[in-house]
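Structure, as structure tokens:
Side chains included, hydrogens not; waters and symmetry mates left out as well; all remaining heavy atoms used. In the text below, chain A, chain B and the rest are named by the order of the sequence lines, each starting its count at 1.
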Amino acid sequence: MNVENGVHDPHYFVPAPSRWPIVGSSGLFCLALGAAFAMNSVSAGKWLLLAGAAIIIWMLFGWFGDVIRESTHGQYGKQVDYSFRWGMSWFIFSEVMFFGAFFGALFYMRVITVPELGFDSTTHDLLWSGFKEAWPVATGPKVDAYHAMAPWGLPAINTALLLTSGVTLTWAHWGLVENQRGHLKIGLALTLLLGATFLGLQAYEYHHAWTEMQLTLASGAYGATFYMLTGFHGMHVLVGAIMLATMLGRVLRGHFDKEHHFAFEAAAWYWHFVDVVWLILFVFVYCI
Amino acid sequence: MTAATETLNPIQGGHADEAHGHDDHGHHASTGWRRWVYATNHKDIGTLYLWFAFTMFIVGGLMALGIRAELFTPGLQFWQPEFFNQLTTLHGIIMVFGAIMPAFTGLANWMLPLMLGAPDMAFARMNNWSFWLLPPSALLLVISLFVPGGAAAGGWTLYPPLSLQFGMGMDLAIFSVHLLGLSSIMGSINIVVTVLNMRAPGMTLMRMPMFAWTSLVTAYLLIAVAPVLAGAVTMLLTDRHFGTHFFKAVGGGDPVLFQHIFWFFGHPEVYIMALPAFGIVSQIIPAFARKPLFGYHSMVYATASIAILSFMVWAHHMFSVGMPATAQLFFMFMTMLIAVPTGVKVFNWIATMWQGSMSFETPMLFAVGFVCLFTVGGFSGLVLSIAPVDTQMHDTYYVVAHFHYVLVAGALFSLFGAVYYWLPKWTGYMYSERMGKFHFWWSMIWFNVTFFPMHFLGLAGMPRRIPDYPLQFTDFNTLASVGAFCFGLGQLIFLYNVIHTIRGGVGKAPANPWEGSHTLEWEVPSPAPHHTWETPPAREVVEKGLKEQLL
């Protein structure tokens with residue numbers, strides 16, 4: 001894109017040698033090893049997990065601290081800005097594909113596996129003949145009975161919350177572009193509040209489902225896809241909210257102007273992406 | 001040329017940057033271990049990638065020799081079957097994720113900024129992280145060999161239900177794949193953004209080197225499918241430890257679902273290991289045929305077509321698992337369709353050589369060897385794409401022969417070619433042509449001795465991934481094992497040649513040791529200074545090279 005637009009910084013910013021990547025790698029190594037140990041009841045596991053998480057948090061503060069310093073010192077030129085935009089777009093594309101794997105699993109089970117198992121076929125007779133094809137309550141012989149989550153209660157409220165948060169965030173962005181800082185702060189704070197409410201309601205929904213509806217991770221194909229899709233989505237909302245909170249902190253310190261605020265835009269792109277995932281999820285996990 | 005060399009002068013570059021404040025990387029030049037661990041220089045990181053890849057190539061290669069030693073004669077000689085399975089599994093994972101892929105990323109790191117006229121990769125700090133995630137993932141795999149139950153032993157494809165039954169080794173393999181995926185995604189985003197945003201003035205997309213094109217398309221594929229693999233192994237993990245039923249029919253799931261998700265990743269992965277090889281060969285052949293690449297535009301379109309088609313062929317890995325006839329036909333025909341753009345490439349390489357003024361230095365030998373043997377692997381792939389034939393050959397040694405023709409004689413040979421081609425630029429010295437040629441012919445002969453008989457073994461029905469076999473398969477297996485040990489031994493010559501070159505080789509290399517190379521990396525001195533193209537190359541320099549390439 002740069003050649004066609006002719007954007008070349010006289011000196012493209014190349015960061016100095018940095019300790020943060022190797023710190024991040026050590027943290028992820030501890031997390032990976034710790035998780036493998038913890039899942040197999042090795043006692044060192046949870047300590048490794050804790051250490052890994054602490055190292056990662058340290059790395060995030062250090063690394064993003066460097067980035068923010070470089071940005072506020074005006075070291076990022078126009079071409080670097082293009083790089084950031086491309087980079088964030090491709091990162092979001094990779095996230096789309098990650099969710100794609102789980103949506104793919106959901107579609108495959110609903111369209112192929114569950115009908116096949118319930119169909120009058122050899123597979124059906126050999127595995128268990130009493131199995132009736134049904135969705136969402138498709139239970140095999142070793143799955144306890146459970147209830148499915150209805151869409152028009154909490155999930156619908158959550159949909160409204162997330163959609164509204166997309167609007168408030170765009171409103172905040174307008175405030176930033178028009179240099180109305182108060183407007184920007186209120187918009188960001190509202191978005192965060194809506195995001196936090198969403199997460200709170202989601203946690204309540206999980207608690208309710210797990211304890212009163214007997215809907216767990218082990219509740220057959222439905223339970224697995226329900227928790228994995230909504231769970232990974234919830235984790236992404238959490239990450240998006242942390243990003244937005246960081247942006248609010250930076251706004252309060254007087255960072256960003258109407259020309260230079262890519263960090264804000266990146267967080268906003270991410271938030272809108274998480275919104276869209278929820279809409280697809282609401283339709284395919286809750287409604288249909 | 002003068003304009004170019006001036007901007008390249010590292011000392012002058014350092015002074016010019018002083019005015020730009022403390023951020024200049026030249027001032028922070030780290031020494032000792034910090035230079036490598038904290039590196040943000042694309043050449044240092046490229047070097048790290050290449051040495052890591054070579055180390056993993058040796059580790060994975062020793063595992064392959066462990067396999068071949070066991071298969072030298074029928075009966076169990078060295079390993080228990082369980083350990084044999086761990087060897088085949090780790091050999092696959094290490095060669096794919098530890099050797100071939102990092103080697104290509106290392107080349108992209110070293111060469112893309114030089115070829116495109118960029119000061120570094122777009123995200124130099126993240127570049128470091130992409131590399132430094134690899135040693136921890138390799139370490140997880142190594143640790144998995146020593147935990148109770150041993151390493152993952154279900155094949156590199158990690159199919160359930162087998163992969164749901166192993167011990168901690170499988171969990172470690174899963175987390176290792178997660179880290180490798182993170183590394184691939186970050187490395188690929190870096191490559192895509194560098195190619196899209198860092199090209200020199202005048203170098204438009206349709207005028208950039210083929211290696212840049214294939215790296216771009218490969219990186220795109222990897223961003224698209226690495227997260228899918230991460231999703232697949234995450235589902236394995238929750239099935240193993242958190243009670244989900246993704247791959248268990250007892251709750252409405254399906255082990256075949258894993259195969260679909262895995263191969264949705266796995267087939268593009270095949271091209272992730274092939275496309276950069278096409279790019280390298282497309283740089284080497286024109287250089288030694290002293291002719292511009294024939295059909296540059298069709299090469300670009302063929303690369304893109306292969307990438308797009310690679311998303312629509314995955315179930316040809318699953319013909320024998322049970323699928324509706326319509327689906328079998330669809331995947332069969334789509335697979336055959338890939339032969340068209342691949343054929344375009346092969347014919348273009350041949351047309352580039354046609355009436356060229358050819359000379360056969362080591363890089364060219366490996367490139368021509370690539371064209372011949374990759375085509376053989378392509379043809380056996382075409383045979384396997386035919387569903388009724390594949391039903392017979394599935395999981396036999398014919399498949400092993402097929403993918404080693406495209407991965408060893410394909411990807412690996414192209415990598416050897418690339419190393420010989422660019423070694424003068426990296427080290428500033430010429431390698432020994434005698435040793436290089438010997439390495440080529442030695443590899444060429446023993447590769448075929450190792451893998452050609454496997455076609456016959458497969459046709460005769462010998463299944464893959466077994467430590468023992470019936471007596472009638474003995475002769476070909478013995479032959480293959482002899483070939484494998486000789487092939488492996490030959491790679492020590494390569495290692496020696498590289499080290500010998502680093503230490504002075506057979507003399508100093510000029511900026512451009514090859515008559516027919518006209519890409520930008522040859523405009524900088526040999527060895528390439530630590531920092532190059534800190535300001536974009538002058539338009540005349542770019543245009544001069546493009547004109548020679550008829551672009």
What part of [X] lies closer than 4.5 angstrom to a heavy atom of chain B: side chain, backbone, both or neither?
X: A:Tyr227; value: neither
X: A:Met39; value: both
X: A:Val42; value: side chain
X: A:Met59; value: side chain
X: A:Ser26; value: neither
X: A:Glu95; value: neither

Most chain B-contacting option - heavy-atom pairs closer than 4.5 Å, from [options]:
options: A:Gly24, A:Ala224, A:Ala101; result: A:Ala224
options: A:Gly87, A:Ala218, A:Gly100, A:Ser89; result: A:Ala218
options: A:Phe37, A:Phe93, A:Trp63, A:Trp20; result: A:Trp63
options: A:Phe98, A:Phe99, A:Phe232; result: A:Phe98

Check: Which pairs with one or both residues in residues 172-199 of chain B pass ring pair (Phe, Tyr, Trp, His ring centres under 6.0 Å), sequence neighbours excluded?
Finding: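 Found B:Phe175-B:His178.
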Calculate, to the nearest 0.5 Å, the distance between atoms [atom1] and [atom2] belonging to [X] and [Y] respectively.
X: B:Thr234; Y: A:Phe102; atom1: OG1; atom2: CZ; answer: 5.0 Å
X: B:Ile185; Y: A:Phe91; atom1: CD1; atom2: CZ; answer: 8.0 Å
X: B:Asn197; Y: A:Phe84; atom1: CG; atom2: CZ; answer: 11.0 Å
X: A:Ser18; Y: B:Met126; atom1: OG; atom2: CE; answer: 13.0 Å
X: B:Arg125; Y: A:Arg19; atom1: CZ; atom2: CZ; answer: 12.5 Å
X: B:Trp33; Y: A:Ile22; atom1: CH2; atom2: CD1; answer: 9.0 Å

Check: Can you check side chain to side chain contact (heavy atoms under 4.5 Å, CB included) on A:Leu33 and B:Leu172, steps first, answer last?
Finding: CA-CA 7 Å; A:Leu33 195 63; B:Leu172 288 165; 3.6 Å; yes
Note to self: Applying salt bridge (Lys or Arg N to Asp or Glu O under 4.0 Å) as the test, list every pair that has at least one member in residues 227-255 of chain B; sequence neighbours left out.
What the structure shows: B:Asp171-B:Arg240
In terms of heavy-atom pairs under 4.5 Å with chain A, which of [options] leads?
options: B:Leu257, B:Val37, B:Asn128, B:Leu133; result: B:Leu257
options: B:Trp132, B:Phe242, B:Phe246, B:Phe264; result: B:Phe246
options: B:Val192, B:Thr194, B:Thr238, B:Ile189; result: B:Ile189
options: B:Leu237, B:Val256, B:Leu229, B:Val147; result: B:Leu237

Notebook entry, point to check: Quick one: what part of B:Ile143 sits under 4.5 Å from any heavy atom of chain A, side chain, backbone, both or neither?
Noted result: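 For B:Ile143, the side chain is the part near chain A, not the backbone.
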Note to self: Which atoms of B:Ile174 are under 4.5 Å from chain A, going by heavy atoms: the side chain, the backbone, both sets, or neither?
What the structure shows: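 Interface part for B:Ile174: neither.
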Margin query: Just to be sure I understand the criterion: a residue of residues 220-228 of chain B counts if one of its heavy atoms is under 4.5 Å from a heavy atom of chain A. Which ones qualify?
Written below: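 From residues 220-228 of chain B, the residues near chain A are B:Tyr220, B:Ile223, B:Ala224, B:Pro227, B:Val228.
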Would you say [X]'s side chain and [Y]'s backbone share a donor-acceptor pair under 3.5 angstrom?
X: B:Glu534; Y: A:His11; answer: no
X: B:His245; Y: A:Tyr222; answer: no
X: A:Tyr12; Y: B:Ala122; answer: yes

Next item on the list: For residues B:Pro201 and A:His8, determine if any side-chain heavy atom of one lies less than 4.5 Å from a side-chain heavy atom of the other.
Entry: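 Yes - at least one pair of side-chain heavy atoms lies under 4.5 Å apart.
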Identify every side-chain donor-acceptor pair in residues 104-113 of chain A under 3.5 Å, counting partners at least two apart or on other chains, and give the distances.
{"from": "A:Tyr108", "atom 1": "OH", "to": "B:His260", "atom 2": "NE2", "distance (Å)": "3.4"}
{"from": "A:Arg110", "atom 1": "NH1", "to": "A:Ile288", "atom 2": "O", "distance (Å)": "2.7"}

Checklist line | Shortest non-hydrogen contact between B:Pro536 and A:Asp9, atoms and distance | finding: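 Closest heavy-atom pair between B:Pro536 and A:Asp9: CD-O, 4.5 Å.
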Checklist line | Crowding at CZ, B:Arg207 (>12 non-hydrogen neighbours, <6.0 Å) | finding: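 Yes - once you tally the heavy atoms of other residues, nucleotides and ligands closer than 6.0 Å, there are more than 12.
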